[in-house]
*Asks:* 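Submitted below is the structure of interest, expressed as structure tokens.
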Amino acid sequence: MSVSWEGREIMHSAVSRLIECISTAHVRLPEKLKRSLLDTINENLRHPNSHIQNAAVEALKHFVPAYLVNAEDKIVNDFVSKYLEQLRDSNEAARRGSALAISVLPLKFLAKRWKVVLPKLCSASAIEENPEERDAEARANAVKGLISVCETITSSVDCSEEEDMSLFYFIKNEVMQCLFKALDDYSVDNSGDVDSWVHEAAMDGLQRCAFILCKKDSIGNSSGLDKAESASEQFESEMIKNNQKHTLFDDKLACSIVGGIIKQAVEKMDKIREMAAKILQTIFKSVLSGLVISVGGLQDSLRKASLIALFEYLQASDAQKQNELNSREVMLSTDVLWVLQQYKRCDRDIIPALKAQTLLFCAGVLDSLTIELRASKDFSKLYAGISILGYIASFSDSINVQALSHLFTFLGHRYPKIRKASAEQVYLVLLQNGSLMAEDKVEKALEIISETCWEGDAEEAKRQRSLLYEVAGLETFQSLKPSNSNQISSEDGKRSLAGDENATYSSLVGSVGF
């Protein structure tokens, strides 16, 4: 009984699937049968049908840890060398399969051999010199294997620090350049224009290698982030002085990556443009996570610069906002939530993200308070607003000065109980946040607040408030002013103020039960 061609194809895949299941179950096998099954996998790896090759790769992925993980070094060397040799095979199917096979080898097979494996894969991803042997799928598989090996060996490097860094510098200088060259692979083989396979693999590789280098940089610098602020600033100044000498992921590399992917985003093929757009989106969310870490980090100069950049980004959206759903604030909130979900239980990212989220929330609330509390007659709103200002002013960041200035404004309010509530908040803020002014100034300010009868004469309260402005070094008129284009004119403000002063104090007190 003869078996059809389609039947033979199915049998090849089925046998690989059977070997995968046997390996997953860790069935005890005699050595002769192990060698026979491995020969079957290798035969299927050389098959021109991609489905059969993929089934063989899955079988190998489970077979090696199950039956070869404890093999002697010589056996492992021979095993790896065989696949490396096939990367130069004249049979394109053999080159495709061997690259995929290398991509699933475990760490033990690669950790001590990366100096041989990575260069071989880099060579295999380049355009073949012989036009008759050119095969885009083989080059794409070599790129995929290259990236998988990089991720495997960097996941748990067991070597000296010098050798460890040489690995990451090889990835930065050799692997990344190999991927950039793959983006320029426009060769055409017998099947037509198929360079898109290589471009897809290269774009994915650039993204994944960028994350490898960024992660290594963050781990290498994490000790500096956990120390005192002075030590962090010293580290930052050293990095600037050395022109980022020891940084794996620098601005030049970042520009090359983004530029290369943007070029793909305007290519003629739809799937290439779509993939480039998705990768750019992933990278820019990653940029946000870095910015959030900077905003909520320990380095004072970096934190302030990052915060200013973020606020300028949000303020620039006011004039071009079409609706609330498309506003930058909404998109930023979505991205911050993405950071919190992406880095669960990773304190290095979560703690700065939470701090940054608090600062952004406080900034948004403060902007609303400038509008809501101005000339308000509602005691409930005023008391709630004053409490929030006290909370914001207690932070050790630049936004606290603005909140403290707003609180000072209420020390001269026309209603005595508002003046008293504001004084209590200022007193607590100065006790909690010593960074607002020098220690001797804090003592003087606390003395003024405690010795002044804020519920007494309004003019005396305003004089004491002026003294506090001088002690704190704040501008007298740095008070509640709307930050948008709807700012009240001076003439309208005078009329409004006159109306407010004519309002009966007794009716307001009665309305809230005083």
Side-chain angles (χ1 to χ4, degrees), residues 227-234 295-305 307-308 311 351 354-356 358-359 361-363 365-367 369-370 373-374 376 379 382-481:
K227 294 180 181 178
E229 182 174 336
S230 58
S232 297
E233 291 179 343
Q234 182 180 1
V295 169
L298 293 174
Q299 299 180 32
D300 188 60
S301 58
L302 179 61
R303 183 180 72 247
K304 290 180 179 178
L307 190 60
I308 290 172
F311 284 161
I351 293 175
L354 292 175
K355 290 181 179 178
T358 302
L359 287 171
F361 171 76
C362 290
V365 171
L366 192 59
D367 190 54
L369 288 176
T370 61
L373 298 186
R374 183 180 176 86
S376 175
F379 265 99
L382 289 169
Y383 269 100
I386 288 171
S387 297
I388 295 173
L389 287 173
Y391 173 75
I392 297 174
S394 65
F395 283 102
S396 58
D397 214 289
S398 55
I399 196 172
N400 56 18
V401 176
Q402 188 179 0
L404 181 65
S405 178
H406 288 3
L407 279 176
F408 278 9
T409 301
F410 288 105
L411 292 175
H413 200 274
R414 55 189 172 275
Y415 302 135
K417 289 189 178 295
I418 298 301
R419 296 198 296 267
K420 181 182 178 182
S422 302
E424 291 172 350
Q425 286 294 332
V426 172
Y427 192 89
L428 291 174
V429 167
L430 294 179
L431 287 177
Q432 295 172 2
N433 191 352
S435 65
L436 284 166
M437 59 185 78
E439 185 176 351
D440 59 330
K441 301 289 187 180
V442 171
E443 293 179 359
K444 179 62 177 176
L446 291 174
E447 180 182 336
I448 294 174
I449 295 171
S450 60
E451 293 182 358
T452 301
C453 179
W454 297 101
E455 289 184 288
D457 181 66
E459 292 302 319
E460 176 61 20
K462 290 180 181 179
R463 284 193 291 270
Q464 297 302 317
R465 182 185 63 175
S466 297
L467 287 177
L468 283 174
Y469 273 121
E470 293 178 9
V471 171
L474 295 175
E475 293 290 337
T476 304
F477 293 103
Q478 189 180 351
S479 57
L480 287 171
K481 295 179 181 179

*Asks:* Tell me the closest heavy-atom pair linking Gly390 and Gln425, and the distance in Å.
*Replies:*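 Minimum heavy-atom contact is CA-OE1, 3.4 Å.
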*Asks:* Step by step, work out the side-chain contact (heavy atoms from CB on, under 4.5 Å) result for Val426 and Phe410.
*Replies:* CA-CA 10 Å; Val426 172; Phe410 288 105; over 6 Å; no
*Asks:* Under 3.5 Å, sequence neighbours excluded: what are the donor-acceptor pairs made by side chains of residues 448-460?
*Replies:*
from	atom 1	to	atom 2	distance (Å)
Ser450	OG	Leu446	O	2.9
Ser450	OG	Glu447	O	3.1
Thr452	OG1	Ile448	O	2.6
Trp454	NE1	Ile449	O	3.0
Asp457	OD2	Glu459	N	3.2
Asp457	OD2	Glu460	N	2.9
Glu460	OE1	Arg463	NE	3.1
Glu460	OE1	Arg463	NH2	2.7
Glu460	OE2	Gln464	NE2	2.8

*Asks:* Below 30° counts as parallel, above 60° as perpendicular, anything between as tilted: where do the rings of Tyr415 and His413 land?
*Replies:*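 Answer is tilted, since the angle falls between 30° and 60°.
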*Asks:* Measure across Gly385 and Leu373 and return the closest heavy-atom pair with its distance rounded to 0.1 Å.
*Replies:*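 Residues Gly385 and Leu373, closest heavy atoms: CA-CD1, 3.8 Å.
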*Asks:* What's the shortest heavy-atom distance between Leu411 and Ala461, and which atoms?
*Replies:*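 Taking every non-hydrogen atom into account, O-CB, 3.8 Å.
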*Asks:* Name all residues meeting the side-chain contact (heavy atoms from CB on, under 4.5 Å) criterion together with Ala445; count only those two or more places apart in sequence or in a different chain, and write none if there are none.
*Replies:*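 Per chain and number, Ala445 pairs via side-chain contact (heavy atoms from CB on, under 4.5 Å) with Leu430, Met437, Leu468, Val471.
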*Asks:* Once you round to the nearest 0.5 Å, how far does OG of Ser387 lie from CD1 of Ile392?
*Replies:*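 Result: 11.0 Å between the selected atoms.
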*Asks:* Mind checking ring pair (Phe, Tyr, Trp, His ring centres under 6.0 Å) for Tyr391 and listing every partner two or more places apart, or none if nothing turns up?
*Replies:*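 Scan of Tyr391 (ring pair (Phe, Tyr, Trp, His ring centres under 6.0 Å), adjacent residues dropped) gives Phe395.
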*Asks:* Looking at every non-hydrogen atom in both residues, tell me the closest pair between Ala403 and Ala393 and how far apart they are.
*Replies:*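 In terms of heavy atoms, the two residues are closest at CB-N, 3.7 Å.
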*Asks:* Let's go through Ile388 and Leu366 carefully: what are the C-alpha distance in whole Å and the side-chain angles of both, what is the deciding distance for side-chain contact (heavy atoms from CB on, under 4.5 Å) to 0.1 Å, and is it a yes or a no?
*Replies:* CA-CA 9 Å; Ile388 295 173; Leu366 192 59; over 6 Å; no
